[in-house]
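I have placed the structure first, in the form of structure tokens, so that the comments after it can refer back to it.
Protein chains get the first letters and strands the later ones, always in sequence-line order, with residue 1 at the start of each. Given the structure is predicted, the values throughout are model-derived calculations rather than measurements. Computed from heavy atoms alone, side chains included, the values below leave out hydrogens, waters and symmetry copies.
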Protein chains: 2
Amino acid sequence: MKFNEQDQSRLIPALKVIGEPNRLRILCGLGMACLPVVDIIHATGLGQTNVSFHLRVLREAGFVRAERRGAFIFYCLADRDLLQILQNLKLWLETRVETHPNRKNQPLMGGHNSATTT
Amino acid sequence: MKFNEQDQSRLIPALKVIGEPNRLRILCGLGMACLPVVDIIHATGLGQTNVSFHLRVLREAGFVRAERRGAFIFYCLADRDLLQILQNLKLWLETRVETHPNRKNQPLMGGHNSATTT
DNA sequence: TGATAATATCAGTCCATATTTATATGAATA
DNA sequence: TATTCATATAAATATGGACTGATATTATCA
């Protein structure tokens, strides 16, 4: 399985967004819920403006959506399927064992092998 | 679905690693293959020492493994299941459509709803 | 309508880390 | 054994973006 340039150009910015620890914390903290910003501020312990900044990044990247309800703006995941993806990643990480240098006896040379060609 | 602190403390560093664009490029470029460093250097266009640095980060985080073969050191994915995870993420990203504010008619208030409690 | 609360925006600073340059290490070869 | 090639390491520097403080915007309430 290989990812072409288009695949990568799609993955890179998305992973960049969720690669930031506090943004991931916000996403995980949201889960299935919808929370107003004040709750996110308290849950994360971050400054209000910092939270607002991260929420904007998440919103513009399509990870969360916002809805104003009176004085509050509620945020929740734009698509909760993301949780499944994160869950898969978590499970994968859990099953990794540092003592196994060759996971699942995967052959080292499993594909194209080159010393001088790309 | 919620991720507790332990889950998050596992996900955060991992996503931090692959959230760096060039490291993700290296992983995607490896795919099923095993490549010597020179190939990775040429494929990415990065400097040799920069590649070496990123490979070390990937290696220490358990994403790749290295094997010396004579004058060359070959790198490949430590566990190619990662490709499936990335593939799922890619597919998810592809199916996201910016014009749909409410993905799959997911209810906005899908869970815990609070304005003042965390 | 003014005060207050919730939240976003802006500009500047700070900090983590990517990158570069110099050098060290390991392997192959003459 | 010295040289060359491949790659890693160390230190310094550059860069991007997280964070902060000030301020603006929006909604609510008296």
Side-chain angles (χ1 to χ4, degrees), chain A residues 8 12-30 33-61 63-76 108 113-118, chain B residues 8 12-30 33-61 63-76 108 113-118:
Chain A
Q8 293 179 32
I12 285 172
L15 278 164
K16 227 174 132 186
V17 166
I18 62 176
E20 202 283 318
N22 284 319
R23 285 203 282 272
L24 184 63
R25 285 175 65 216
I26 290 171
L27 292 173
C28 293
L30 283 176
C34 286
L35 299 178
V37 178
V38 288
D39 282 13
I40 298 171
I41 289 165
H42 291 145
T44 56
L46 299 172
Q48 177 265 314
T49 54
N50 197 9
V51 166
S52 205
F53 163 73
H54 285 304
L55 287 174
R56 202 204 72 217
V57 174
L58 287 169
R59 192 175 63 240
E60 292 179 356
F63 283 99
V64 297
R65 61 193 155 105
E67 183 169 329
R68 180 172 279 278
R69 299 208 163 202
F72 300 93
I73 304 184
F74 281 74
Y75 280 80
C76 57
L108 189 62
N113 170 24
S114 163
T116 56
T117 59
T118 305
Chain B
Q8 293 178 33
I12 284 172
L15 279 164
K16 228 175 133 186
V17 168
I18 62 177
E20 203 284 319
N22 284 318
R23 287 203 280 273
L24 185 63
R25 286 175 65 216
I26 290 171
L27 292 174
C28 292
L30 284 176
C34 286
L35 300 178
V37 178
V38 287
D39 281 12
I40 299 171
I41 289 164
H42 291 145
T44 57
L46 300 172
Q48 176 266 316
T49 53
N50 197 8
V51 166
S52 203
F53 165 73
H54 285 305
L55 287 175
R56 202 204 73 217
V57 174
L58 288 169
R59 192 176 63 239
E60 291 179 354
F63 283 99
V64 297
R65 62 194 152 101
E67 183 169 328
R68 180 171 278 280
R69 301 207 162 202
F72 299 91
I73 304 185
F74 281 72
Y75 279 82
C76 57
L108 188 64
N113 170 25
S114 163
T116 56
T117 59
T118 307

Specify the residue among A:Ala71 and A:Asn22 whose closest nucleotide of DNA chain D lies further upstream toward the 5′ end.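 Whichever sits nearer the 5' end wins; that is A:Asn22.
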Of the listed nucleotides C:dA8, D:dT7, C:dT9, the one nearest the side chain of A:Val37: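 That would be C:dA8.
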Mark yes or no for a side-chain to base donor-acceptor pair under 3.5 Å between A:Gln48 and C:dA6, with no hydrogen or angle criteria applied.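 Between C:dA6 and A:Gln48, which were checked side chain against base, a qualifying N/O pair under 3.5 Å is absent.
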Does A:Thr49 make a side-chain donor-acceptor contact with the base of C:dT9, cut-off 3.5 Å?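 Side chain to base: no pair below 3.5 Å.
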Would one find a side-chain N or O of [X] under 4.0 angstrom from OP1 or OP2 of [N]?
| X | N | value |
| --- | --- | --- |
| B:Arg68 | D:dA6 | no |
| B:His54 | C:dT19 | yes |
| A:Lys16 | D:dG16 | no |
| B:Tyr75 | D:dA6 | no |
| A:Arg23 | D:dA18 | yes |

Mind running side-chain contact (heavy atoms from CB on, under 4.5 Å) on B:Phe53 and B:Thr49 for me, showing each step along the way? CA-CA 6 Å; B:Phe53 165 73; B:Thr49 53; over 6 Å; no
Interatomic distance, [X] [atom1] vs [N] [atom2] [rounded to whole Å]:
| X | N | atom1 | atom2 | result |
| --- | --- | --- | --- | --- |
| B:Leu55 | D:dA6 | CG | C1' | 13 Å |
| B:Ile73 | C:dA24 | CD1 | C1' | 14 Å |
| B:Glu60 | D:dA8 | CD | P | 11 Å |
| A:Asn50 | C:dT7 | CG | P | 15 Å |
| A:His42 | C:dA6 | NE2 | C1' | 11 Å |
| A:Ile26 | C:dT7 | CD1 | C1' | 14 Å |
| B:Phe53 | D:dT15 | CZ | C1' | 13 Å |
| B:Ile12 | C:dT17 | CD1 | C1' | 17 Å |

Side-chain heavy-atom pair [X], [Y] within 4.5 angstrom cut-off:
| X | Y | value |
| --- | --- | --- |
| B:Asn22 | B:Val51 | no |
| A:Leu46 | A:Ile40 | no |
| A:Pro36 | A:Asp39 | yes |

Once you apply a heavy-atom cut-off of 4.0 Å, does A:Glu20 come out as touching a base, just sugar-phosphate, or nothing?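 Sugar-phosphate contact only.
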Is any side-chain N of the basic residue among B:Arg65 and B:Glu67 closer than 4.0 Å to the acidic one's carboxylate O?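 Not counted as a salt bridge, because no side-chain N and carboxylate O are separated by less than 4.0 Å.
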